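From a predicted model like this one, the values you see are computed outputs, not experimental measurements. Remember, it's 1-based here, ligands and their atoms both numbered in the order they're listed.
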Amino acid sequence: MARRETPAAGPGSRALVVDVIRSAGTISRVELAGLTGLTQPSISMIVRILIADGVVHETGSAGSVRGKPRKLLAITPAGRFGIGFHLGVDALTCVAVDLTGGVVGREVVPLDGDDPGGDDVAARLADRFRDFTDGLDLPTSRIEGLAIVAATARPGREAAGPDLNAVRAELAGRLGIPVLVENDAAAAALGEFWSRRVSRDQSFAGIYLSTGIGAGLVFGGALFRGTSVDAGELGHFSIHYDGRPCPCGNRGCVERYASMTAVADTARADADLAGRLRLEGSVPEVYDAVARAAVSGDPGAYALLDEAAGRLAVAAASMVNLLDVGRLVLTGPGVAVAGSIFAQRVRGQLARSVHARHRREVMVELSAQPRDAASIGAAALVVQASIAPAS
Ligand SMILES: [Zn+2]
């Protein structure tokens with residue numbers, strides 16, 4: 001990490017210290033001063049407060065300096081918790097994470113016939129929150145907040161689908177804690193950034209493969225949102241000048257070829273494949289059946305997913321070039337079963353074509369919990385806002 005100019009010891013410094021401890025895992029006060037550019041007295045003061053607040057603790061020692069052991073610092077996982085709700089196509093996924101992003105509780109509630117955009121949505125989400133946190137026996141005083149994420153949600157402004165921003169204030173009033181609203185792809189990227197201990201000096205991106213395709217961008221430790229909170233619409237990167245029309249107004253959008261919806265539609269239209277794999281049901285059901293067949297060696301299913309992966313890889317390479325991304329995670333339900341097919345294609349494309357390939361390798365990783373990534377990310381967003389708010 002490059003040494004920064006010495007910042008003043010204000011609230012931003014506390015966030016910086018927490019974030020450097022998070023990405024380091026364990027670190028000494030001396031190293032912390034070196035990496036943050038803060039003075040030793042400032043570090044001592046901030047660390048003292050963080051220990052008193054239960055955010056950081058001392059652990060082990062890193063050898064000794066003139067006979068005096070140097071204590072290491074680490075984030076205290078169970079000090080506080082964040083709750084994340086992901087409003088998906090057919091289910092509400094509820095997750096609780098500790099301060100390191102580790103999952104301490106999870107519950108999936110089917111949304112059959114339950115319209116999440118109904119009139120009393122705030123009341124129902126509040127009930128769900130209480131049931132979930134009571135069931136986990138999490139002390140209310142240690143819950144830092146709730147974040148709700150959905151494919152169409154954008155923080156602070158209207159979006160298609162249930163208007164979560166409209167219920168945010170009411171829900172915060174009912175629960176007495178901060179409530180955040182975020183896009184699912186953005187939240188998933190932030191969650192991967194937090195729990196993978198990615199350094200804030202890294203340009204980090206997450207590609208969220210679901211019924212649509214989105215990207216989350218984390219620059220300088222903070223989500224990049226753009227001018228109108230619309231950043232990350234990777235699904236509408238055009239990969240064909242004359243390609244399939246897209247409802248967005250563009251042609252050839254990668255989402256029209258590589259999303260779970262596009263793959264399921266192509267599979268259903270292929271009489272041979274649809275008959276052989278007995279494809280029926282919703283988009284996620286059809287897609288998962290194709291993905292399972294692909295990893296089990298069905299050549300038709302493999303070819304279909306491999307082509308989708310190849311197309312996604314072209315868009316991913318353009319994004320990496322445009323933003324000089326250093327580390328990329330593939331996540332979302334679309335990579336839950338056949339993630340290796342996508343990872344292979346994206347790695348191959350980046351190794352062949354990315355501009356910076358002669359200077360460095362772009363790390364491409366697969367999410368460890370792709371189906372829950374959006375809800376985990378939502379909960380991580382709460383944790384970040386609480387202990388290391390991005391300036
Ligand atoms: Zn489009």
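Among protein atoms, those of element N, O or S found less than 2.8 Å away from the Zn ion (ligand 1) are H236 ND1, C246 SG, C248 SG, C253 SG.
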Dump the intermediate steps for side chain to side chain contact (heavy atoms under 4.5 Å, CB included) on R14 and V17, then the final yes or no.
CA-CA 5 Å; R14 177 184 154 123; V17 167; 5.8 Å; no

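Under the side-chain hydrogen bond (donor to acceptor under 3.5 Å, both in side chains) criterion, R360 pairs with D324, not counting sequence neighbours.
Judged purely by atom type and a 3.5 angstrom limit, N321 uses its side chain to pair as donor or acceptor with the backbone of H355.
Note that CD1 of I46 and OG of S13 are 5.0 Å apart. Values are rounded to the nearest 0.5 Å.
Grouping Ile, Leu, Val, Met, Phe, Trp and Tyr residues whose side-chain heavy atoms lie under 4.5 Å apart, directly or via other members, places V295 in a hydrophobic cluster with V337.
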Under 3.5 Å donor-acceptor pairs involving side-chain atoms of residues 208-229, not counting sequence neighbours:
{"from": "R225", "atom 1": "NE", "to": "E182", "atom 2": "OE1", "distance (Å)": "3.3"}
{"from": "R225", "atom 1": "NH2", "to": "E182", "atom 2": "OE1", "distance (Å)": "2.4"}

